[in-house]
Amino acid sequence: MKNRCEGCGAKVQFTDPTQKGFIRNDVYLKNPDRFYCERCFNLLHYHKNTEITYNEKDFLNNIKLIRESQNLVVHVVDVFDLDGTIVKEINQYFPHNPLLLVANKFDLFIDSVKVMRVKNYLNNYLQKNNIKVDKSLVISSFRSFDIERLLTNIYQLQANKDVYFFGMTNVGKSSLINAISKFYSQTASITVSNFISTTMDFIKISLPNKTFIIDSPGIINSHQVTYYLEKSSLNILTTKRYIRPATYQINPQQALFLGGFCIIKFLEGIKSTFVVYVPPNLVVHRTKLENAETFFNKHQDDILQLPTLKERERMGKIISQQFSFSETKKDLFICGLGFVTLVGMGTIEVKYYEKIKVGIREAIV
Ligand SMILES: Nc1nc2c(ncn2[C@@H]2O[C@H](COP(=O)(O)OP(=O)(O)OP(=O)(O)O)[C@@H](O)[C@H]2O)c(=O)[nH]1
Ligand SMILES: [Mg+2]
């Protein structure tokens, strides 16, 4: 008899359907050696989520356990949302563990973006932020040759000990581990979903060298747009295909809307190019600067479509910040949504919801 859910790692319990690990006793007894909790069952079969998240106390306990093990930590980040998913405290959390940084979801970039460029960018980013890792990789969990590369690096760094996968929620930790299972022709049984907090506790899978890879629950990031979205909006924004950049020639005194999440007002400068990398189903709309506010107030619920009223209320009030760009290309990033590469020269004012992290960085592409 097992006492943990195969999909999310939660300890089984039969009393509280609103808490993790719940399964009806009679269902459990039918197959006590391989079972999914009710939440995983609903996620897998109905894509329905129960709002249970990973709490602070469990998080701190898990950090302590991983730190004390001194085992290899594979820190997974989303390469499309580096600023929203890199754990800048990784060296403080794990001062004595070997670290492998894995930037996942590279498939979201179009083919012309070379992996070497993104890898160099990532290494510069790590250096600037004083994050030290033993190795970094840019990969996609969808590509088996990347999984092979990942495994080669794990074997080199693990020193024959178990390996922890660690990172923010939704970066694809469990997807990578499932891909490793498939690579070894084992069943990929961990639950994955585009909801936050899918994995609930450690889940072990074995490697041929008799060590284990251990999945861990993702850290919740309340600065990401995705944190505030409901199922229907998440489904609109989730994409399994590459994100085709959309190029806009923007004059000063024009404004660009990224759905209703963000307004980029081009206050002054020369005619510039804004290259937008956001999910294909998000409405991107241009207006004259003088009409921007009226348009925003009038069309949040029709043309701009997302976020919904309920989501807007959760994201706090609207704030604004100015940024300048000149010769070197810059990215304006909106955590959990995407980024806009600014090519040209000028000053923009960005209006967005206060709980979302927005900022400017060197251009990734
Ligand atoms: N485009 C793309 N999507 C991916 C990739 N890997 C995972 N995903 C998607 O990202 C979402 C989250 O995947 P999970 O594997 O559940 O992420 P996780 O890091 O385990 O999340 P938590 O368990 O909540 O910490 C799912 O919708 C996956 O299909 C990838 O390489 N490329
Ligand atoms: Mg997971």
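In this chain, numbering begins with 1 at the start of the sequence shown. First listed ligand is number 1; within each ligand, the first listed atom is number 1.
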Please work out, at 4.0 Å between heavy atoms, whether the side chain, the backbone, both, or neither of Ser197 comes within that distance of ligand 1. backbone
Select one of side chain, backbone, both or neither to describe which atoms of Thr238 lie under 4.0 Å from any atom of ligand 1, heavy atoms only. neither
Flag the pair Phe35 / Phe41 as yes when their ring centroid distance falls below 6.0 Å, and as no otherwise. no
Taking 4.0 angstrom as the limit and counting only heavy atoms of Thr198, give me the atoms of ligand 1 inside it, by number and element. 22 (P), 23 (O), 24 (O)
Provide the number and element of each atom of ligand 1 under 4.0 Å from a heavy atom of Gly218. 25 (O)
Is the shortest side-chain heavy-atom distance between Leu176 and Ile139 below 4.5 Å? yes
Quick one: are Gln254 and Lys288 in side-chain contact, heavy atoms under 4.5 Å? no
Give a yes/no on ligand 1: does Asn104 have at least one heavy atom closer than 4.0 angstrom to it? yes
Ligand-residue contact atoms, ligand 1 with Leu108, heavy atoms, under 4.0 Å: 1 (N)
If you take the centroid of each ring, where Trp contributes its six-membered ring, are Phe339 and Tyr277 closer together than 6.0 Å? yes
Any salt bridge linking Glu293 with Lys265? Criterion: basic side-chain nitrogen under 4.0 Å from a carboxylate oxygen. yes
Are His75 and Phe94 near enough that their ring centres are under 6.0 Å apart? no
Counting heavy atoms only, which part of Thr169 comes closer than 4.0 Å to ligand 1: side chain, backbone, both or neither? both
Around atom NZ of Lys182, are there more than 12 heavy atoms from other residues, nucleotides or ligands closer than 6.0 Å? no
Of all the atoms in ligand 1, which lie at a distance below 4.0 Å from a heavy atom belonging to Ser193? 11 (C), 12 (C), 13 (O), 16 (O), 26 (C), 27 (O)
Using a strict cut-off of 4.0 Å, indicate which atoms of ligand 1 neighbour a heavy atom of Ser175. 6 (N), 7 (C), 13 (O), 14 (P), 15 (O), 28 (C)
Can you check whether Tyr228 and Tyr353 have ring centres sitting under 6.0 Å from each other? no
Between Leu108 and Val79, is any pair of side-chain heavy atoms under 4.5 Å apart? no
Within the 4.0 Å heavy-atom shell around Ser141, which atoms of ligand 1 are there? 5 (C), 6 (N), 7 (C), 30 (C), 31 (O)
Give the residue, atom name and distance (to 0.1 Å) of the protein heavy atom nearest atom 10 (O) of ligand 1. Lys105 NZ, 3.1 Å
For Asn194, counting its heavy atoms only, list the atoms of ligand 1 lying under 4.0 Å from any of them. 27 (O)
Sequence neighbours excluded, which residues qualify as salt bridge (charged side-chain N to carboxylate O under 4.0 Å, His left out) partners of Glu311? none
Note the single closest protein heavy atom to atom 19 (O) of ligand 1, along with its residue, its atom name and the distance in Å. Lys173 NZ, 2.7 Å
Near the Mg ion (ligand 2) (under 2.8 Å) - protein N, O or S atoms: Ser174 OG, Thr199 OG1
What about the rings of Phe80 and Phe109, do their centers lie closer together than 6.0 Å? yes
For ligand 1, which atoms, with element, lie under 4.0 Å from some heavy atom of Val192? 14 (P), 15 (O), 16 (O)
Which of parallel (below 30°), tilted (30 to 60°) and perpendicular (above 60°) describes Phe195 and His47? parallel
